[in-house]
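Each chain gets a letter, A, B and so on, in the order the sequences are listed, and its residues count up from 1. All values below were derived from every heavy atom in this structure, side-chain atoms included, with hydrogens, water molecules and symmetry-related copies excluded.
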Amino acid sequence: MTDALQSLEDQYILLTNNLSNLEAACRPGTDDMSNLMTQYVASRRNYFNCINQMFHDDDPAVQDLVAQMSAQQAALKVAVTGIGDIAGVITAITTAVQVGAQLAAKV
Amino acid sequence: MKPNRVGRCLLFLLCSIFLFSCKTSDDANAAAKQLATTSADLVNYYGTLSKIAAADIALSELQKNLLHVPFEKEDRTQMSTLSSELQKRANVAQALQGLSTAFSNLTGSTAPTDVSNAASKLGTELQTLNALPQLKGAPIPLPTLIGDAAGAIVTLIRNHEERKAAPAMDKTVSALKELFTKEEKAYDSLNNSYDDVAKALAQYCIDKNLLDETSVLGPALQPFGLKAHISSTTDTTLLKKAATTQLQETLNSLNDAHHSASVAMLQGITDMGTRIHQLATEGHMPSRGTPITLTTVENWITTASTYLSGSPTSTGSAAASTSSQPTKK
């Protein structure tokens, strides 16, 4: 599977699998839930945008972004599965999804 | 040569639609029939993938209702577009199936019209095809290559140059193989992500007591005609654990089944390409029976049809189970 598509799929599915727990951890009366949903939807759009328009992996810029996503995916996995500070988790998600958006835009 | 023998030879030549030897006409007929069967499975393969893309919309609606995940018109359009593009590929395969079938039935005065009409339809379907992957740097847009090859077939048939149609079909199948090869990873990803999202929602249902966990007891109770019963005091912890395990095992099985199917479909297209190439370059094709790898494709289609509404059912199983060994003379 192309690295780029795999990266975006991995991020989308990681967030999907942990979405219920992340929701439960959102603090009432804050923007946690709204921010979480915004990033989840962005991750889903990034993935489907990519799968609609696949692209070569041999683009050096793409390779760099894939490497960034790979590094962030590891950290993201730790953050979403061991939810402590939900605000910090949402920040980590936001950063990772932004990289995903850059990758999905390489079409 | 005696006049009656000359007459018989001339009559034979006039009756030979392909202007081949009798053996070569049989090979061309066999190749066309095999391609028709392979195309039929390709129709169902793409049709099932299209249904999966459409089912992603249903899953997203569930996420919206159960988990409050926004699902806007933009998102629905994104998934609908994907489903439509896959259906277009199914339509291309169906047109190729129609052309192959009409070609294999090329006998009698009316058959050339049927083949011409089928070839025209293939050309029309290909014109509506947008590339699913927009391949940067690709020297030749794949749908254009397929369209050019199909257009050549139409022209050749209309000009009664059927003998040259095999090389043109060779190019068409080669281009189809290249398209599938480029997009295969996207097909796997689409199937896997659908299975993963469905599993996540199913797990949510388990966690929120939204499903009947006694279904996991089926293998033990069904042979004896027994039914499970849960009272208000029953501890369902172990049943939920069993259901969760079943989810993961089934997910792995579904993902593996599609990957095997996509590999087998590509192999089936490759096998047909090899046979038609042999026919086009050497003038003969001894293999009879469709590629046996198609059985794997049909099994996946059948399984997927059990959980996708309105899924196509496999129609090529009989042909696919036929041995692909060359016939003995």
Side-chain angles (χ1 to χ4, degrees), chain A residues 1-26 28 32-63 66 80-81 93 97 100 103-107, chain B residues 49 52-53 56-57 59-60 63-64 66-72 74-86 130-138 182-201 203-208 247-248 251 255 259 262:
Chain A
M1 176 176 289
T2 63
D3 292 342
L5 182 59
Q6 184 70 67
S7 297
L8 291 169
E9 179 188 335
D10 288 347
Q11 184 187 82
Y12 169 47
I13 296 307
L14 174 66
L15 295 177
T16 298
N17 287 337
N18 292 279
L19 191 59
S20 179
N21 292 337
L22 289 167
E23 279 195 342
C26 289
D32 288 347
M33 181 69 84
S34 175
N35 293 337
L36 174 64
M37 289 301 146
T38 296
Q39 297 310 316
Y40 179 76
V41 170
S43 177
R44 184 175 63 191
R45 285 176 182 166
N46 291 342
Y47 168 70
F48 276 99
N49 189 40
C50 177
I51 204 171
N52 264 316
Q53 301 184 60
M54 223 159 75
F55 43 88
H56 290 302
D57 275 349
D58 54 2
D59 183 336
V62 170
Q63 289 181 330
V66 169
V80 300
T81 53
I93 293 173
V97 170
L103 189 59
K106 291 284 182 181
V107 295
Chain B
L49 277 183
I52 286 176
D56 274 318
I57 296 176
L59 289 183
S60 297
Q63 284 185 316
K64 179 181 177 181
L66 297 179
L67 296 170
H68 315 293
V69 177
F71 187 53
E72 308 295 340
E74 168 189 352
D75 304 305
R76 180 182 295 273
T77 299
Q78 201 177 36
M79 295 175 189
S80 295
T81 298
L82 179 59
S83 181
S84 296
E85 287 301 318
L86 289 165
N130 294 321
L132 180 60
Q134 202 69 30
L135 302 175
K136 283 187 176 179
K182 295 288 186 182
E183 299 182 354
E184 184 186 6
K185 295 170 183 174
Y187 305 157
D188 272 343
S189 178
L190 175 64
N191 176 83
N192 293 352
S193 65
Y194 167 78
D195 291 341
D196 278 314
V197 174
K199 172 183 171 285
L201 282 168
Q203 185 63 56
Y204 176 85
C205 292
I206 292 173
D207 296 339
K208 299 296 182 182
L247 282 186
Q248 186 61 51
L251 174 72
N255 287 352
H259 180 66
S262 64

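- The candidate with the highest count of non-hydrogen atom pairs below 4.5 Å against chain A, out of K199(B), K208(B), H68(B), E72(B), is H68(B).
- Every residue two or more places apart in sequence or in another chain that forms a side-chain contact (heavy atoms from CB on, under 4.5 Å) with N255(B) is listed here: N191(B), N192(B), D195(B), L251(B).
- Residue contact with chain A, scored on non-hydrogen atoms closer than 4.5 Å, is absent for D207(B).
- T81(B) contributes a side-chain N or O that, together with a main-chain N or O of T77(B), makes up a donor-acceptor pair within less than 3.5 Å.
- Proximity to chain B among residues 34-43 of chain A is limited to M37(A), Y40(A), V41(A), judged by heavy-atom separations below 4.5 angstrom.
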Evaluate the side chain to side chain contact (heavy atoms under 4.5 Å, CB included) criterion for residues R44(A) and Q63(B): first the C-alpha distance (whole Å), next the side-chain angles of each, then the deciding distance (0.1 Å), finally the verdict. CA-CA 12 Å; R44(A) 184 175 63 191; Q63(B) 284 185 316; 3.4 Å; yes
Does the side chain to side chain contact (heavy atoms under 4.5 Å, CB included) test come out yes or no for I52(B) and L86(B), once each step is laid out?
CA-CA 10 Å; I52(B) 286 176; L86(B) 289 165; over 6 Å; no
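- Legend: salt bridge (Lys or Arg N to Asp or Glu O under 4.0 Å) pairs involving residues 10-23 of chain A, not counting sequence neighbours: none detected.
- For Q203(B), no part sits under 4.5 Å from any heavy atom of chain A, backbone or side chain.
- No side-chain donor from either of S193(B) and Y12(A) sits under 3.5 Å from a side-chain acceptor of the other.
- D196(B) meets the side-chain hydrogen bond (donor to acceptor under 3.5 Å, both in side chains) test with no other residue; sequence neighbours excluded.
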